[in-house]
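Chain identifiers are assigned alphabetically (A, B, ...) following the order of the sequence lines, protein sequences preceding nucleic acid strands; residue numbering begins at 1 within each chain.
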Amino acid sequence: MDKFENFTGVVCPLDRANVDTDAIIPKQFLKSIKRTGFGPNLFDEWRYLDHGEPDQDNRNRPQNPDFVLNDPRYQGAQILLTRENFGCGSSREHAPWALADFGFRVIIAPSFADIFYNNCFKNGILPITLPPIEVADLFAIADGPEALRITVDLPRQILEISIIRDRLGFAVDPFRKRCLLEGLDDIGLTLEHLDAIRAYEDRRRPQAPWLFPGNGLEAR
Amino acid sequence: MDAKTLYDKLWDEHVVRYDDNGTALLYIDRQLVHEVTSPQAFEGLRLAGRKPRRVAANLAVPDHNVPTRDRVQGIMDPVARLQVRTLAENCTAFGITELGMDDPRQGIVHVIGPEQGFTLPGMTIVCGDSHTSTHGALGALAFGIGTSEVEHVLATQCLLQRKSKSMLIEVNGALGSGVTAKDLVLAVIGEIGTAGATGFVIEFGGETIRGLSMEGRMTVCNMAIEAGARAGLIAVDETTIEYVRGRPYAPPCAPQSPEFERAAAHWRGLVSDQGAAFDRRVRIDAAAIEPQVTWGTSPEMVAPVDGRVPDPGDECDPVKADGIRRALDYMGLTPGTAIIDIRPDKVFIGSCTNSRIEDLRAAAQVVADRRVAESIKLAMVVPGSGPIKAQAEAEGLDRVFIAAGFEWRDPGCSMCLAMNADRLKPGERCASTSNRNFEGRQGRGGRTHLVSPIMAAAAAVSGRFLDVREL
């Protein structure tokens, strides 16, 4: 995973609560066996006026002019601003893959769904939870004629807000912060504790042998 | 020692270690694998030169993409076919047992896990699917994960986790006639909201929950995720133990072996201790619950069958009012419409929420000697697994459904998420026993109303929603 570096990006305001992962990336695109290429189909059903299918040339499809991602003010946005419970529903990691592939690196919301929140960190996306009042203020600014830009400083956990020249702090789990900043491979880190895993299995096996069937796990 | 919740007990039994900031390395006993969220995980293993740590702890099944009819012809959609074939190839390459499309045990991943005894009480269970919460009905800690974590579990048999907060939803009182586990859980979600349990593991308790069959308990835990919970749990009791006894992958029973009784003795301790502290408690009166129908695009947008579609003008929270307005616009409904005046075009009985034998029996009882209404374009039953389909056929349920005008299909996820050919056309309205009424969930522009199997059956024969008790 690439290291997460500080950046300044345009904010795209998606003013809806409970945006689910079916909306983020509809099911027909889940048939892919790859991790990449989902960006053109991010929010497919809201973004285009026709029905999208995999392996289609998306450049010639009719765009929905009322959808915020198609608004000229927000072209090249790297920060998504949205409402409560973003990413609810299915566990599909295709949702953060699509967001990252599109170019989003930070998502700001008052709350996130649990599985989606975890999945973001595995894909170099920083989900930031801010109090509803701060999110409401950001929406008010982002809706103006001038593009709102935010500088994301992960090491100091600070957002610098353009236009109003304000700063907001945010919280992040220290372990996840480190993984993002160093681009760490979770699996590699866990395998450093292989001795502890083996010790656990050795302790557990005699206590609960039914948890450790033999090779092949054949049903009777 | 302090009184522990069921969640505390399951958690403590599975902690391998804690790191300095309190993140746990949690041991995972079982992983269920399906075709949609696994290919990139296997690819990741391959790229890193890693192998699954314990192949026998994994069981794979294709379910999301499989056709529900004319299966002998294989999968017509080439992209779906490649995904299902990729699962089979990955399972062969890594030595994982797969119940393939032509295996009589094939079915929806969350139906076959408990059915085969692969998922058992006291286990930690994961799957790259949010409805993994279903298995919590067995007194197991079960939750959905993303593909990176699928790979992590394959490689390490562990996950990095922070402990969630705990919520007890205590349901007491008798469910009325015609009121099912599905209505109960929809009413709970209506009460606490679709994010009401975000950050929590829910334990469902109380006499009403104890009175539910295992099928009913699975329906309840299945939809814990629709309230945002990390997992749903129900304490082990004799109903749980009798359900598990004799299942193919369960520990062998007496007289051949004492192992089942030994396991059962351990499982009987998987209950919250008297006086255990929960971070939040919610009390629900079962007697007050009526058959439920969702009217919007989130499972919390639900009303009793004798209720009406709300008016966004009555909502003071502007974000919520906007959500209601958008939902009604998408659903093609006007504020104040009576639920019983809503007319579905299609009826879907199936999904990991409601495709088990008890669901099919109850629905069949409603449609027996009746006909699907003229206005219904399609009514279909998709059993949750091969064994459920076989059992239903042995009981003659298939003939009841077919005689009434239903289609009787092969097992799979089907129109719950419409990844296969079973889907709604734009504007079509469906009475569905599934779990999500999101925009486009059952097909672009499709309109989903979540209901219980008997409410879906009643809608099929009457052409509109009605209180199943009046039929």
Side-chain angles (χ1 to χ4, degrees), chain A residues 15-18 20 22-23 26-28 30-35 45 51 54-55 83-85 88-94 96 111-115 118-119 122-123 173-175 185-187 189-191 193-194 196-197 199-201 204 207-211 213-220, chain B residues 16-17 19 21 23 25 27 29 36-37 39-40 48 50 55-56 65 79-80 82-83 86 97 116 120 122-123 128-130 144-149 151-152 155-158 160 162 194-195 198-199 228 230 248-249 251-252 259 263 266 298 319 323 326 417-419 436 438-441 444:
Chain A
D15 195 359
R16 295 185 188 223
N18 298 319
D20 58 76
D22 275 82
K27 79 274 297 177
Q28 62 270 35
L30 271 51
K31 294 175 191 177
S32 168
I33 56 172
K34 294 182 288 191
R35 257 175 207 267
E45 293 188 3
H51 174 77
D55 299 327
R83 299 284 187 180
E84 286 82 4
N85 199 28
C88 60
S90 155
S91 66
R92 60 189 70 166
E93 200 161 315
H94 311 67
S111 60
F112 292 90
D114 188 37
I115 305 175
N118 280 329
N119 284 343
K122 313 285 181 190
N123 293 284
D173 176 84
F175 175 73
D185 163 23
D186 266 11
I187 297 178
L189 286 178
T190 296
L191 289 173
H193 302 295
L194 208 52
I197 298 171
Y200 173 88
E201 288 172 339
R204 192 89 171 128
Q207 291 170 350
W210 60 88
L211 297 174
N215 289 335
L217 187 67
E218 287 309 312
R220 289 181 310 282
Chain B
V16 171
R17 66 184 293 278
D19 72 12
N21 66 52
T23 303
L25 190 60
Y27 196 80
D29 293 314
V36 179
T37 56
Q40 299 87 351
R50 291 174 177 140
V55 288
N65 269 308
V79 195
L82 174 65
Q83 197 170 53
T86 302
T97 303
Q116 294 299 322
L120 295 170
M123 285 179 165
D129 191 287
S130 57
I145 56 177
T147 298
S148 296
E149 291 189 321
E151 183 184 340
H152 195 283
T156 69
Q157 209 57 47
C158 292
L160 292 162
R162 275 186 168 275
T194 188
T198 301
R230 168 119 281 235
Y249 286 104
E259 192 165 316
H266 177 71
S298 163
V319 177
R326 246 187 245 275
L417 86 167
M419 268 191 86
R436 292 198 171 124
F438 298 158
E439 284 186 28
R441 173 80 178 179
R444 185 184 164 103

Between B/R441 and A/D20, does the side-chain contact (heavy atoms from CB on, under 4.5 Å) criterion hold? Intermediate values first, please.
CA-CA 10 Å; B/R441 173 80 178 179; A/D20 58 76; over 6 Å; no

Work out which heavy atom in [X] is nearest to a heavy atom in [Y]; give both atom names and the distance.
{"X": "A/E84", "Y": "B/V319", "result": "OE1-CG1, 4.0 Å"}
{"X": "A/W210", "Y": "B/P251", "result": "CB-CG, 3.6 Å"}
{"X": "A/P213", "Y": "B/A56", "result": "O-CB, 4.4 Å"}

Taking [options] one by one, which has the highest count of heavy-atom pairs under 4.5 Å against chain B?
{"options": "A/P54, A/S32, A/A17", "answer": "A/S32"}
{"options": "A/D55, A/D114, A/N123", "answer": "A/D114"}
{"options": "A/Q207, A/K34, A/R92, A/H193", "answer": "A/H193"}

Do [X] and [Y] come within less than 4.5 Å of each other through their side chains, counting heavy atoms only?
{"X": "A/R204", "Y": "B/V16", "value": "no"}
{"X": "A/S90", "Y": "B/R436", "value": "yes"}
{"X": "A/K31", "Y": "B/N65", "value": "yes"}

Which bit of [X] comes within less than 4.5 Å of chain B, counting heavy atoms only: side chain, backbone, both or neither?
{"X": "A/Q28", "answer": "neither"}
{"X": "A/D173", "answer": "side chain"}
{"X": "A/R83", "answer": "side chain"}
{"X": "A/S111", "answer": "neither"}
{"X": "A/N118", "answer": "side chain"}
{"X": "A/P209", "answer": "both"}
{"X": "A/L189", "answer": "neither"}

Say you draw a straight line from [atom1] of [X] to [atom2] of [Y]; how long is it, rounded to the nearest 0.5 Å?
{"X": "B/R50", "Y": "A/I187", "atom1": "CZ", "atom2": "CD1", "answer": "5.0 Å"}
{"X": "A/S91", "Y": "B/E149", "atom1": "OG", "atom2": "CD", "answer": "9.5 Å"}
{"X": "A/L211", "Y": "B/L120", "atom1": "CG", "atom2": "CG", "answer": "7.5 Å"}
{"X": "A/T190", "Y": "B/H152", "atom1": "OG1", "atom2": "NE2", "answer": "3.0 Å"}
{"X": "A/D22", "Y": "B/L417", "atom1": "CG", "atom2": "CG", "answer": "7.0 Å"}
{"X": "A/D185", "Y": "B/S148", "atom1": "CG", "atom2": "OG", "answer": "10.0 Å"}

Please rank [options] by heavy-atom pairs under 4.5 Å with chain A and give me the top one.
{"options": "B/G122, B/A263, B/G323", "result": "B/A263"}
{"options": "B/L160, B/T23, B/T37", "result": "B/L160"}
{"options": "B/L82, B/D19, B/D29", "result": "B/D29"}
{"options": "B/M123, B/E259, B/Q157", "result": "B/E259"}
{"options": "B/G199, B/G440, B/G128, B/S298", "result": "B/G440"}

Applying side-chain contact (heavy atoms from CB on, under 4.5 Å), run through B/R162 and A/F175 and close with a yes or a no.
CA-CA 11 Å; B/R162 275 186 168 275; A/F175 175 73; over 6 Å; no

Any side-chain to backbone donor/acceptor pair from B/E439 onto A/A23? Under 3.5 Å, distance only.
no

Ignoring hydrogens and geometry, is there a side-chain-to-backbone donor-acceptor pair from B/Q83 to A/L30 under 3.5 Å?
yes

Is [X] close to chain A through its backbone or its side chain, or both, or neither, when contacts mean heavy atoms under 4.5 Å?
{"X": "B/T156", "result": "both"}
{"X": "B/T198", "result": "side chain"}
{"X": "B/A418", "result": "both"}
{"X": "B/R17", "result": "side chain"}

Is a salt bridge present between A/K122 and B/E151, judged by a nitrogen-to-oxygen distance below 4.0 Å?
no

What do the steps show when you test B/S130 against A/I115 for side-chain contact (heavy atoms from CB on, under 4.5 Å), and what is the final call?
CA-CA 8 Å; B/S130 57; A/I115 305 175; 4.0 Å; yes

I'd like to know whether A/I197 forms a side-chain contact (heavy atoms from CB on, under 4.5 Å) with B/L25, so could you lay out the CA-CA distance, the side-chain angles of the two residues, the decisive distance to 0.1 Å, and finally the verdict.
CA-CA 9 Å; A/I197 298 171; B/L25 190 60; 4.1 Å; yes

